[in-house]
Amino acid sequence: MNPYEPHAIERKWQEVWEAQRAFEVPNPAPGAPHNPRKRYVLEMLPYPSGSLHMGHMLVYTIGDVRAHFYRRNGFEVLRPMGFDSFGLPAENAAIKDGGHPREIVERNIATITRTMKTIGWAIDWSREVSTHEPTYYRWTQWLFLQLFAAGLADRRAAPVKWCPNDQTVLANEQVKDGHCERCGALVESRNIEQWFFKTTDYADQLLDFSALDWPERVIAAQRHWIGRSEGAEVTFGIDGFDESIAVFTTRPDTLFGATFFALAPEHPLVTDLAERAENGAEILEYVRHAGAKRAEERAAAVEKTGVFTGAYAINPVNGERLPIWVADYVLMDYGTGAIMAVPAHDERDREFAEKFSLPIVTVISEDDRLVDSESFSGLSSAEGKAAITAWLAEQGKGEPAVNYRLRDWGFSRQRYWGCPIPIIHCPGCGSVPVPDEDLPVLLPEIDDYRPKGEAPLASNEEWMRAACPNCGGEGRREAETMDTFVDSSWYFLRYCDPHNSETAFDRGIVDYWGPVDFYQGGVDHATMHMIYARFFQKALADIGLVGFREPFARFHGNGWVQLGGTKMSKSKGNVVGPDEFVAEYGADPVRLYILFIGPAEQDMEFTDSGLEGMLRFVRRLWRIVNEVAETEPREGEPGALARKAHETIARVTDDLGRRESFNTAISAVMELVNELSRDVAAPDARFAAEAAVSLIQPYAPHVTEELWTLLGHSELWKEPWPVADESMLQRETVQIVLQVNGKVRDRIEAPAGLSEEALIALALGSEKVQGFLDGQEPRAFVVPDKLVNLVI
RNA sequence: GCCGAAGUGGCGGAACUGGUAGACGCGCCGGACUCAAAAUCCGGUUCCCUCCGGGGAGUGGGGGUUCGAUUCCCCCCUUCGGCACCA
């Protein structure tokens, strides 16, 4: 028997696969219909901002097991790979380590690719793309222009989040707890002109998850992020003035309980009111003070603050005068920036009312009925909402309204390392698209790309000057670049047709492969990438570029891989990559172990001793299969071992297919190997060995390929997935558990398929059972072939 | 505060449809092999009691449904994750 030498074996088979282009898959002929026997297996593409970590090891091994499993089950499997190489992660890494982002990124891509190949993942490398390559971002620009032409992208002034450290605007989605999602700096609010995608146009469509097989936690996160609220927009007059102010409320049923009115400090009416107020200076001082506060501070304020304007709003339902306050707990960028305050039924309004001794009027009773609400009294809260909204509409003082928490996606960045926005600003014609034939707008080389608060490209005067494509006059290029999430919003479409130089992708090819059947990645992208990509897909479908509206039919989130009890992170310096482990143990044991630790969707702890245990298993498998190959089997009928092998085939097939339970499939094969090890000369030992090797192949493709050869076969990766023989799953005898009053008292072997009566008779015949019956006549509950419970 | 996920041996976890709780692995204990060790192999390993036949308890806590509950229902506790002055 040769010793198990993982590195030699792995190199050998990787070379065979590469020479055979084993995992490349051709595109369909033009006009081919959608293929139901295809599987698009995809994992989120990596940022090449460093090397691979154990989280990548997990994600891509999950995808790899799926790719092998479905390929061997006769599906045409598309399993591509690429790099999300533009954007802040790569640029910040470049700034930190010195050098040009392109050099850093391309060096990292080379390193990562090498690692991926030593791990032996079954990737179609012919489809590799990197988002920073002009051949890719040309089409990112082109798709942007399609959305721009469709009115789904525009440039306008709006309140946005600004990271003072990264010196750029951030999308709402990229702010976590008031801090920059990338660098952790406290984020500021600014009102500046920005490029937006109109994600809010798709808010309702994005709330439709009916076609998606996604984990509840991810759907819940998106639903909450989009945050649809139904209610009414109500118009309040202002006593003594012509102006009126609209408010949004989800509780029109509480309108009779409004006791004051509040405006956000940024509300345009505040300056008007301040001019006419005796305490105008005080009001303006409050506004200035509130504006200086960061959003985080404002939210964290322990006490409500505000200032009275001296003006009064008129409650449209009863004509009551409500004092108008300015208060910074009212946000300008939600609803209308003004609220009717109902302290009895809103906690924040109550706090404010208590602080400033404003009245509190209860209008909803304990049993959820309207009280003190004139003719509406007695209605339930739900009825009241409808009735009051209808009445307001009749009077022209309000209408039903819906508000969303979701904001439009601000996607322009004041940074260098990103896809240039292909727009020329012309004093006469406005924002003019760069014509298709002039794409891509290449990202120019510049010396100083560090963030400086305005777009670095703006300092390249030569590049900035461009003729207006419309009038030929002197224009200036858009100097901002796109958020990296734009690049990753369509990469899965480009993978389908990666070398197309005529267009971003051929619709027929994309419709053939799409949507992604299995998407795998971190749930931390639930409210960022996963929303943006859904928006893109829907927009592109409406433009007519694709024929399906959801990019990822199925999604599975994976947990964090922890090492040494703490979450691995660069800042803690405890990141150990797969490279080291693979170099020491070989790829197969690491691949097996990362999936064996526990359920893939849960956080897991990667331990050296656990990995060594897996190495033991692989060596054991090696030894036992070798012994089987070298041993002449005894003559005889297939018996218990063959049955165990068929049971294992059934279990592993179910685990990898329906259940997506990758850890238990390994356990099942271990059981089979344990059984086989007890008798390598059994008549069915060879069958059991072949089953074990074949079933574990998706996890450990190298060692199983070698063992498969040893067993006298070839090319296991092409071998059809084994099928369990149903007749072998039927046992002739079964173990019957005998219970008395629900407690196990005996276990007996009995022929399978006995009637209830026969089983009861057997149970009563057990001496142990008799001892617990005290001679009484029991009632019996029977689970055929399994259990008899006798109750006295 | 709201939403989501989860609590099972010393540890990671298994038990899929209400039917043998603890598969598989780590760790630990014992044995074989060895001059010895490592490696490997074999056996044991939820806890408590035991006259060694066995008996009792047990899946975060409390209640309920059921012949029977890790699994279903109600209440509570804890941990992790998302969102959070969103009217």
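Chain A is the first sequence line, chain B the second, and so forth, proteins listed ahead of strands; every chain is numbered from 1. Side chains included, hydrogens not; waters and symmetry mates left out as well; all remaining heavy atoms used.
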(message) Taking only side-chain N and O atoms of A:Lys743, does any of them lie within less than 4.0 angstrom of OP1 or OP2 on B:A57?
(response) yes
(message) Measuring only the C1' atom in each nucleotide, how far is B:C24 from B:G19? A whole number of Å is fine.
(response) 22 Å
(message) With a 4.0 Å limit, can you tell me whether A:Gln735 has a side-chain N or O closer than that to the phosphate oxygens OP1/OP2 of B:U20?
(response) no
(message) Looking at A:Trp214, I'd like to know if the NZ or CZ of A:Arg534 sits under 6.0 Å from its six-membered ring centre while staying within 45 degrees of the ring's axis.
(response) yes
(request) With side chain to side chain contact (heavy atoms under 4.5 Å, CB included) as the test, would you mind laying out the steps for A:Val523 and A:Phe555 before giving the verdict? (result) CA-CA 10 Å; A:Val523 285; A:Phe555 169 73; 4.3 Å; yes
(message) Once you apply a heavy-atom cut-off of 4.0 Å, does A:Gly613 come out as touching a base, just sugar-phosphate, or nothing?
(response) sugar-phosphate
(message) Can you tell me the base-pairing partner of B:C80? Count Watson-Crick or G-U wobble geometry only, both distances below 3.5 Å, and say none if there is no partner.
(response) B:G4
(message) Counting the benzene-type ring for Trp, do A:Phe260 and A:Phe352 have ring centres under 6.0 Å apart?
(response) yes
(request) Starting from C1' on B:A23, measure out to CG on A:Asp655 and report it in whole angstrom. (result) 12 Å
(message) Before we go on, tell me: are the rings of A:Trp325 and A:Phe356 under 6.0 Å apart, centre to centre?
(response) yes
(request) Can you tell me the distance, in whole Å, between the CZ atom of A:Phe772 and the P atom of B:G54? (result) 10 Å
(request) Measure from the side-chain heavy atoms of A:Arg616 and tell me the nearest of B:A87, B:U40, B:C83. (result) B:U40
(request) Name the pairing partner of B:U46, where a pair is Watson-Crick or G-U wobble with both distances under 3.5 Å, or state none. (result) B:A57
(request) Tell me the partner of B:A37, counting only Watson-Crick (N1-N3 plus N6-O4 or O6-N4) or G-U wobble (N1-O2 and O6-N3) with both under 3.5 Å; none if nothing fits. (result) none
(request) Taking atom C1' in both B:G60 and B:U8, compute the distance separating them and give it to the nearest angstrom. (result) 10 Å
(request) Could you check whether the rings of A:Tyr532 and A:Phe485 sit parallel, tilted or perpendicular, using 30° and 60° as the cut-offs? (result) tilted
Heteroatom pairs (N/O) under 3.5 angstrom, protein to nucleotides 66-72 of chain B:
| residue | atom | partner | partner atom | Å |
| --- | --- | --- | --- | --- |
| B:C67 | O2 | A:Asn789 | ND2 | 2.6 |

(request) Once you apply the 3.5 Å cut-off to both distances, tell me the Watson-Crick or G-U wobble partner of B:G19, or none. (result) B:C67
(request) Could you check if the base of B:G53 is syn or anti? Syn means the glycosidic torsion is within 90 degrees of 0. (result) syn
(request) Tell me which nucleotide among B:C83, B:C24, B:G12 gets nearest to the side chain of A:His224. (result) B:C83
(message) Checking base pairs now: Watson-Crick or wobble, both atom distances under 3.5 Å. What partners B:A87?
(response) none
(request) Please tell me which of the listed nucleotides, B:U20, B:C83, B:A23, lies nearest to the side chain of A:Arg747? (result) B:U20
(message) What's A:Val330 touching, base or sugar-phosphate or nothing? Going by heavy atoms closer than 4.0 Å.
(response) base
(request) Identify whether the distance between the nearest side-chain nitrogen and carboxylate oxygen of A:Lys385 and A:Glu230 falls below 4.0 Å. (result) no
(message) With a 4.5 Å cut-off on side-chain heavy atoms, are A:Val737 and A:Val783 touching?
(response) no
(message) Suppose you measure atom C1' in B:G56 against the same atom in B:G1; what distance do you get, rounded to whole Å?
(response) 45 Å
(request) State, yes or no, whether a side-chain contact exists between A:Val788 and A:Val769 at a heavy-atom distance under 4.5 Å. (result) no
(message) With a 3.5 Å limit on both atom pairs, tell me what B:C52 is paired to, counting Watson-Crick and G-U wobble, or say none.
(response) none
(request) Flag the pair A:Phe606 / A:Leu58 as yes when at least one side-chain heavy-atom distance between them is below 4.5 Å, and no otherwise. (result) no
(request) Can you tell me the distance, in whole Å, between the CD atom of A:Gln222 and the P atom of B:C83? (result) 12 Å
(request) For A:Arg228 and B:C2, give me the distance from atom CZ to atom P, rounded to whole Å. (result) 23 Å
(request) May I ask you to decide whether A:Arg623 forms a salt bridge with A:Glu627, counting only side-chain N to carboxylate O separations under 4.0 Å? (result) yes
(request) Taking the side chain as every heavy atom from C-beta outward, state whether A:Phe236 and A:Leu322 have any pair of such atoms under 4.5 Å apart. (result) yes
(message) Say we look at B:A15 and B:G58: how far apart would their C1' atoms be, to the nearest angstrom?
(response) 16 Å
(message) Below the 4.0 Å mark, does B:A84 have OP1 or OP2 next to a side-chain nitrogen or oxygen of A:Arg405?
(response) yes
(request) For nucleotides B:G68 and B:A21, find the distance between their C1' atoms and express it as a whole number of Å. (result) 14 Å
(message) Taking the P atom in each of B:C76 and B:C67, what is the distance between them to the nearest angstrom?
(response) 28 Å
(message) Under 3.5 Å for both donor-acceptor distances, Watson-Crick or wobble: does B:G9 have a partner, and if so which one?
(response) none
(request) Determine the Euclidean distance between corresponding C1' atoms of B:A39 and B:C33; express it in Å to zero decimal places. (result) 11 Å
(request) Would you mind reading off the distance between A:Arg659 atom CZ and B:U17 atom P, rounded to a whole angstrom? (result) 9 Å
(request) Could you pick out which residue, A:Arg678 or A:Ile666, lies toward the 5' side of RNA chain B when each is mapped onto its nearest nucleotide? (result) A:Ile666
(message) Classify A:Arg658 by what it touches in the nucleic acid, base, sugar-phosphate, or nothing, heavy-atom distance under 4.0 Å.
(response) base
(request) From the options B:G25, B:A87, B:A14, select the nucleotide whose nearest atom is closest to the side chain of A:Pro599. (result) B:A14
(request) Among the candidates B:A87, B:U20, B:A5, find the nucleotide nearest to the side-chain atoms of A:Glu216. (result) B:A5
(request) Mind telling me if B:G9 is syn or anti? Syn here is a glycosidic angle within 90° of 0. (result) syn
(message) Closest approach to the side chain of A:Arg745, judged atom by atom: which nucleotide of B:G13, B:G56, B:A87 is it?
(response) B:G56
(request) Considering just the side-chain nitrogens and oxygens of A:Arg223, establish if one lies under 4.0 Å of OP1 or OP2 belonging to B:G82. (result) no
(request) Using the P atom on both, measure B:G31 against B:A38 and round to a whole Å. (result) 13 Å
(request) For A:Lys768 and B:G54, give me the distance from atom NZ to atom P, rounded to whole Å. (result) 6 Å
(message) Classify A:Asp333 by what it touches in the nucleic acid, base, sugar-phosphate, or nothing, heavy-atom distance under 4.0 Å.
(response) nothing
(request) Would you kindly compare A:Ser677 and A:Tyr593 by the position of their nearest RNA chain B nucleotide and give the one closer to the 5′ end? (result) A:Tyr593
(message) Does B:C41 have its OP1 or OP2 closer than 4.0 Å to a side-chain nitrogen or oxygen of A:Arg623?
(response) yes
(message) Measuring to OP1 and OP2 of B:G25, would you say a side-chain N or O of A:Asn663 lies under 4.0 angstrom away?
(response) no
(message) Expressed as a whole number of angstroms, how long is the span from A:Met530:CE to B:G81:C1'?
(response) 16 Å
(request) Check the distance between B:C24's P and A:Met604's CE and give it to me in whole angstrom. (result) 21 Å
(request) Measure from the side-chain heavy atoms of A:Glu671 and tell me the nearest of B:C41, B:G4, B:C24. (result) B:C24
(request) Using only side-chain N and O atoms of A:Ser229, determine if any of them is under 4.0 Å from OP1 or OP2 of B:A87. (result) yes
(request) Determine, stepwise, if the pair A:Val625 / A:Val693 fulfils side chain to side chain contact (heavy atoms under 4.5 Å, CB included). (result) CA-CA 8 Å; A:Val625 174; A:Val693 167; 3.8 Å; yes
